[in-house]
Amino acid sequence: MAEVEKQNELPEEEEVTEEVDVEVEGGEEEIPQEEETEEDFYRNLADEMDDRTLGRISAELIQDYKRDKVSRSDWEQAYTSGLDLLGFKYVNNTRPFQGASGVTHPLLSEAVTQFQAQAYKELLPSDGPVRTAVIGADTPETQQQAERVKDFMNYMLMEEMEEYTPDTDQMLFYLPLAGSAFKKIYYDEIKQRAVSKFVPAEDLIVPYYATDLKDCERITHVVKMSENNVLKQQKAGFYRDVELIAKQAEQNPVQDKLNELEGVKPAGEKEYQYNILEMHIDLNINQFETEDAEKEVKLPYIVSIDEGSGEVLSIYRNYNQDDDLATRREYFVHYKFLPGLGFYGFGLIHMIGGLSRSATQALRQLLDAGTLANLPAGFKSRGIRIRDDDQPFQPGEFRDVDAPGGNIKDQFQILPFKEPSGTLFQLLGFVVQAGQRFASIADMQVGDGNQQAAVGTTVALLERGSRVMSAIHKRCYYGMRQEFRLLAKVFADYLPPVYPYAVTNADRFVKLKDFDDRVDVIPVADPNIFSMSQRVTLANENLKIAVSNPQMHNLREAYRRV
């Protein structure tokens, strides 16, 4: 009781002063114990490391990159040699004779163009490639949310993201050639919006033992940048402000072949560029600080290194701050034409490249045989003299000849060149048809068949002719679905709480909380149907069934589908 009374007798000012001191001192003690803020967590860790540690990181990672690049040299060689089969560049052959045919059969180029045209039409409709599906209970609220997400993503892809349509178009032409193509989805600090960029297979390098992007421990994206773009990244604080060395463009077999087919080459001074190795990798950074550091669990990082100077430009954490498992954030989507036997898919170069080469050889032999048969050659007597014998004959032309033996036919010996072989021509047709059947580019004459055939027969013929293309279309559908999900995550991270935007004759908005687990974004394309002919055939057959028994079917819906 005495202690309580004594405390009550303290002056009021002293009590206030003690409370303030306690709060200030307590606050000072709690500040060092607070976790990193979001800005500090996603900072450039390379700014805080010494040059010795960064040098060790750079040396080891560049060595890993070169080892990965050498391990796929055979793939690059096969792909490079196959590009000649496109026939983009006419070759002036000198063997077996000057002016021999250098034409390339268009089997491969026709297959690539047909696939690109069909896939581009199906995957990129004019209204936008995105549709949505409600996950869980279907309520009016979730329906409105799904509609807002669909409208916003289609608006971004078709209006704001200017690179999306041309990059996807180029990817769909590149995919059947190389067998693999990639999309990189990220938020661009300079453009202040999401970006979905096409990445060719030659610019994305993985270890030889990799089987999938999600399980790959090291992904290297070779980014070719100009000096001005590097300075922009340094001024924005994304890269370290260090002096770099512009490196002369190295010999890249794939890029050299593409430039040759395109008909471009550097002129004047030698071209210099910065090759930035953006490596998505699992690292234990502590082991580079001291040689005797204990082994720890490796965490996902994104390390950017200038290949020319070996300078580490940035090191960023590649996982979310609130993720206790430190799951790597994905940026790349792998599109495959055919699954292949390893990481990279198989393209038409791998599958029908041999048939295309054989068709080209057969076509050239037929043309050369026709040339020799139409313009015969042979031997003539040494003493015979022909006026203007260095000029070719014109139709209906006769020239003067001085024949010492009297009989002119005895002065010439024509070599026995044969007409183009009919057997070789049939072989050419067989090779071309085999390649077309595999690539599903042969015309499907469904309409020329029996019009009274059963529904199952017509659909079976249609499916049989498009079986390969339908499977490839499903793989594209799967890749595009992964791409849209990554885009939705980018929007969920960087959008404001409410984002208003304007479309034709309307003002709309989307909410940040719309991008949650209640709505799934999927492509609008049907993975089971890849052509308009399939839709028309199926719609007509549905209408016939509905008309045959209208009491059991909705005729209005059947006519609407037609």
Side-chain angles (χ1 to χ4, degrees), residues 35-66 69 163 184-195 197 199 203-205 218-250 269-291 293 298-321 326 328-329 331-332 490 493-494:
E35 296 182 356
E36 289 181 309
T37 63
E38 184 176 358
E39 183 178 357
D40 293 336
F41 184 81
Y42 295 109
R43 69 187 183 277
N44 187 358
L45 301 178
D47 292 330
E48 305 170 2
M49 298 182 182
D50 56 70
D51 294 338
R52 184 178 180 182
T53 302
L54 294 177
R56 290 178 178 175
I57 295 176
S58 174
E60 180 172 330
L61 296 187
I62 289 180
Q63 183 179 4
D64 292 339
Y65 156 73
K66 292 182 177 179
K69 188 172 178 61
E163 77 285 344
K184 184 180 182 182
I185 296 91
Y186 62 98
Y187 183 82
D188 194 312
E189 294 287 350
I190 297 178
K191 297 180 180 179
Q192 294 293 306
R193 62 172 174 83
V195 172
K197 187 175 182 59
V199 178
D203 290 340
L204 193 135
I205 302 170
R218 183 171 59 252
I219 303 173
T220 303
H221 179 203
V222 182
V223 184
K224 300 177 178 64
M225 299 182 68
S226 64
E227 182 179 7
N228 189 48
N229 287 336
V230 173
L231 291 176
K232 284 182 179 180
Q233 299 290 355
Q234 290 180 336
K235 294 296 183 183
F238 188 77
Y239 287 162
R240 291 172 61 226
D241 190 6
V242 294
E243 185 177 355
L244 304 180
I245 301 176
K247 186 178 181 180
Q248 183 179 347
E250 292 184 349
E269 298 181 356
K270 295 182 179 179
E271 296 292 332
Y272 291 87
Q273 65 182 6
Y274 293 96
N275 283 349
I276 308 300
L277 306 180
E278 183 182 299
M279 306 186 73
H280 298 240
I281 191 170
D282 294 336
L283 279 181
N284 175 18
I285 292 184
N286 294 331
Q287 72 179 8
F288 295 98
E289 297 179 353
T290 58
E291 296 180 358
K298 295 182 179 181
L299 299 178
Y301 292 91
I302 299 179
V303 183
S304 297
I305 305 173
D306 174 50
E307 185 181 4
S309 61
E311 291 284 350
V312 177
L313 300 178
S314 64
I315 300 177
Y316 290 99
R317 293 185 177 97
N318 193 23
Y319 56 94
N320 293 326
Q321 185 176 5
R328 184 178 69 187
R329 301 180 62 178
Y331 290 87
F332 297 97
V490 173
D493 290 338
Y494 295 100

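- With values rounded to the nearest 0.5 angstrom, Arg56 atom CZ is found 14.0 Å from Ile285 atom CD1.
- Residues Tyr42 and Arg317 come closest through the heavy atom pair CD2-O, 4.4 Å.
- Contacts of Asp493 classified as side-chain hydrogen bond (donor to acceptor under 3.5 Å, both in side chains), with partners at least two apart in sequence or in another chain: Arg329.
- Ile205 and Lys69 get closest at one heavy-atom pair: CG2-N, 3.9 Å.
- Residues meeting the salt bridge (charged side-chain N to carboxylate O under 4.0 Å, His left out) test with Glu60, sequence neighbours left out: none.
- Heavy atoms only, all atoms of each residue included: Phe332 and His280 are closest at CE1-NE2, 3.6 Å.
- Among all heavy-atom pairs drawn from Asp188 and Ile190, the shortest one is OD1-N, 2.8 Å.
- When the salt bridge (charged side-chain N to carboxylate O under 4.0 Å, His left out) test is applied to Lys184, the partners found at least two apart in sequence or on another chain are Glu278.
- Under the 6.0 Å cut-off for aromatic ring centres, Tyr331 and His221 do not qualify, their centroids lying 6.0 Å or more apart.
- Between Tyr65 and Gln63, every side-chain heavy-atom pair lies at or beyond the 4.5 Å cut-off.
- Checked against side-chain hydrogen bond (donor to acceptor under 3.5 Å, both in side chains), Tyr186 has no partners two or more places apart in sequence or in another chain.
- One finds the CD1 atom of Ile276 at 5.0 Å from the CG atom of Leu313 (value rounded to the nearest 0.5 Å).
- A side-chain contact (heavy atoms from CB on, under 4.5 Å) with Ile305 is found for exactly one of Ile315, Leu54, Ile62, Asn275, namely Ile62.
- In this structure, the side chains of Met49 and Val312 stay at 4.5 Å or more apart for every pair of heavy atoms.
- With rounding to the nearest 0.5 angstrom, the CD atom of Glu307 is 10.5 Å from the OG1 atom of Thr220.
- Considering only residues two or more places apart in sequence or on other chains, Ala326 meets the side-chain contact (heavy atoms from CB on, under 4.5 Å) condition with Leu299, Pro300, Tyr319.
- Scanning both residues, Gln234 and Val242, for their nearest heavy atoms gives NE2-O, 3.1 Å.
- Evaluation of the side-chain hydrogen bond (donor to acceptor under 3.5 Å, both in side chains) rule for Asn318 yields no partner, not counting sequence neighbours.
- Applying the side-chain hydrogen bond (donor to acceptor under 3.5 Å, both in side chains) rule to Arg240 yields no partners; only residues at least two apart in sequence or on another chain are considered.
- Residues forming a salt bridge (charged side-chain N to carboxylate O under 4.0 Å, His left out) with Asp241 (at least two apart in sequence, or on another chain): none.
- By the 4.5 Å heavy-atom criterion applied to side chains, Ile281 and Leu61 are counted as neighbours.
- Under the salt bridge (charged side-chain N to carboxylate O under 4.0 Å, His left out) criterion, Lys298 pairs with no residue, sequence neighbours left out.
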Please list every donor-acceptor pair under 3.5 Å in which a side-chain atom of residues 225-232 meets a protein atom from a residue at least two apart or in another chain.
from, atom 1, to, atom 2, distance (Å)
Ser226, OG, Asn229, N, 3.4
Ser226, OG, Asn229, ND2, 3.3

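- Not counting sequence neighbours, the partners of Tyr316 by the side-chain contact (heavy atoms from CB on, under 4.5 Å) test are Asn44, Phe238, Ser314.
- Salt bridge Lys224/Asp203: present, at least one basic N to carboxylate O contact under 4.0 Å.
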(message) Would Tyr239 and Asp306 count as a side chain to side chain contact (heavy atoms under 4.5 Å, CB included) here? Give the steps.
(response) CA-CA 11 Å; Tyr239 287 162; Asp306 174 50; over 6 Å; no

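- Applying the side-chain contact (heavy atoms from CB on, under 4.5 Å) test to Glu243 and every residue at least two apart in sequence or in another chain returns nothing.
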